[in-house]
Number of protein chains: 2
Amino acid sequence: MSRKQDIIDAATDLFSQNGYHATSTHQVAKLAEVSEGIIFYYFKTKEDILLEIFYDSFDTFLESLQRIMDEAPTGLDALRAWVGIHFEAIDSRAKNILLLVRDFPASLANEDSPHRENILGRVAKLHQFLVKIIKRGQKDGSIGSCDPEPTALVLRSLLIGYTRVAMLENPHPPEFSKALWGFCRRALNPNPSQA
Amino acid sequence: MSRKQDIIDAATDLFSQNGYHATSTHQVAKLAEVSEGIIFYYFKTKEDILLEIFYDSFDTFLESLQRIMDEAPTGLDALRAWVGIHFEAIDSRAKNILLLVRDFPASLANEDSPHRENILGRVAKLHQFLVKIIKRGQKDGSIGSCDPEPTALVLRSLLIGYTRVAMLENPHPPEFSKALWGFCRRALNPNPSQA
DNA sequence: CAAAAAGCTGAGTGATTACTCAATCAATAC
DNA sequence: GTATTGATTGAGTAATCACTCAGCTTTTTG
C-alpha cells in the first residue's frame, strides 16, 4: 500500500473517531507510521486530506448508485437499493460516512468557499440520479405521480437526516429502517388513496 | 441588555457565519464590544458558549412545540405546525438554527462526551412530543395506522435533513416545502390505498 | 460612608499545531 | 558509476488562541 493511502486511512480513522479539529497532523503521522513532513508532500494542507476523503467517498457512492440503476428492474427497486446503501453504511459504522456526517458541513456553508463548487457539483449529480430513478418509476408504474425534482430533494434530505441521526444518536434497529422504507413507499405509492 | 447576552449574540453571529472553530474568543469580544476576559467570567470555556446557545435554542423550540400541541385541533395539524417552524427558521435564515446545523454534531458523536446526556435528553423530549402528536392523530383519524416510535424518528430525520440541506445548499422555494409536506401527508394518510 | 462583593479590563502566557526546509536516502536514467 | 529525480525525515518555526490574573471600577450592603 502506498504511503499516501496510509495517511488517508489513518486520517479517516482519527477524524471520524475524534473529529477533524481535534485531530493533529502529528497524530495522523504517528498512526500512519510516517513522518509528519510527508503529509505535506502529498497534501497541500490538512483540509485537503479531508476533502480527498470526501471526494473519494462520494465518487464511490455515485459509482454504486450507477450500478444500482443499471441492475434494478424498476424505479422503486432502484430507490430501495439506494436506501439500502445507507443502511449498510450505518450498520457497518462506515468510518468515511461517519466522518462526513460529523465534520463536513462547515466548509460548505460559506458561500465563498473555494470548494463549494466541487462539492455542490457532486451533490447535483446525486440529485440527478434520484430524479432519473423517480421518473423511471413513474414510467414503469412503480412510483406514483409527483414532481420529481422536489421529491428527489425530500428523499435526499430524509436519508441524510436519518444517517446522521442513526450514526450520532444510537444504533438503528430493524424496525426503524423498515419504518423509513414504509414511509417512503406510502408517500410514493402509485395507487392513489381515497381522500 | 446584559453583557452576557451581548456575548451570546456576537458568538451566535460569528459561529453561524464562520464556524465555531474558525471563530476566536478575541473576535467574539471585539464584536460584542467587551474585553476578552469577561467571556471567561461568564463562561467557563469557549465550548460552554456554544452549549448555552444550543440549549437556549432547543428549549425555546420545545416551548413552541408545546404551544403548537395545545392549539392544533388535530394531530395532523400539530405536525403541520411543527414542520412550519422549520420552514420559518429556514426562510429567516435563523442564525441559531444555522449554527446547530453546521457545528453541532462533533460533541455528540463522542460516546464519552460529558454533554451527551444533556443533549440526548432534550432530543428525547422532542421525540416524545412527536410520538404524542402521532398517537393523537391516529385517535382523531387524521393520521393513518403506523408504529409511532419509528415514525417519529423518521419524521425527525426528515426535518433535520431538510433543514440542513436547505440552509447549506440553497434557498428553498415554496414548491420544495410543499413537496415535503405532501410527502409526509401521503405517508401518513389515514385512508389506505389499494395496493 | 466604609467595606465587601460583583463586574470588568487587557496585557500576558503556555501550550498547541499546521506547515517548512535542509538534509538524507532510494530509485531510475544515462 | 554517476547524475538526476523523487521520496522521506524530523527538528524547527511562526503564529494562533483559549484561558489567567492582578488590579481597577462600579454596585450593593450594612
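In what follows, chains carry the letters A, B, and so on, assigned in the order in which the sequence lines appear, proteins first and then strands, with residues in each chain numbered from 1. Below, each value reflects all heavy atoms present in this structure, side chains not excepted, and no hydrogens, waters or symmetry copies.
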Sugar-phosphate, base or nothing in reach of A:Ser24, heavy atoms under 4.0 Å: sugar-phosphate

Atom pair NE2 (A:His172) and CG (B:Leu153), whose distance is rounded to the nearest 0.5 Å: 10.5 Å

Residues from residues 38-57 of chain A lying under 4.0 Å of DNA chain D - heavy atoms: A:Ile38, A:Tyr41, A:Tyr42

Atom-to-atom span, CZ of A:Phe15 to P of C:dT17 - whole angstrom: 12 Å

Integer-rounded Å distance: C:dG7 P and B:Gln5 CD: 16 Å

A:Glu36 CD - C:dA22 P separation (whole Å): 18 Å

Aromatic plane relationship, A:His21 with B:His21 - under 30° parallel, 30 to 60° tilted, over 60° perpendicular: parallel

Separation of C:dA6 P from B:Arg3 CZ (nearest whole Å): 18 Å

Side-chain touch B:Asn189/A:Arg186, heavy atoms, less than 4.5 angstrom: no

Rounded interatomic separation in angstrom, taking NZ from B:Lys30 and P from D:dT16: 13 Å

A:Lys4 to A:Phe43 six-membered ring, cation-pi geometry met (6.0 Å, 45°): yes

Sidechain-backbone polar pair: B:Asp103 side chain, B:Ser16 backbone, donor-acceptor under 3.5 Å: no

Residue B:Ser35, side-chain heavy atoms: nucleotide from C:dA18, C:dT9, D:dC19 that is nearest: C:dT9

Ring-face cation contact, A:Phe40 with A:Lys46, 6.0 Å cut, 45° max: no

Length of the NE2-P vector between A:His26 and D:dG12, whole Å: 14 Å

B:Thr25 side-chain N/O to D:dC17 phosphate OP1/OP2 under 4.0 Å: no

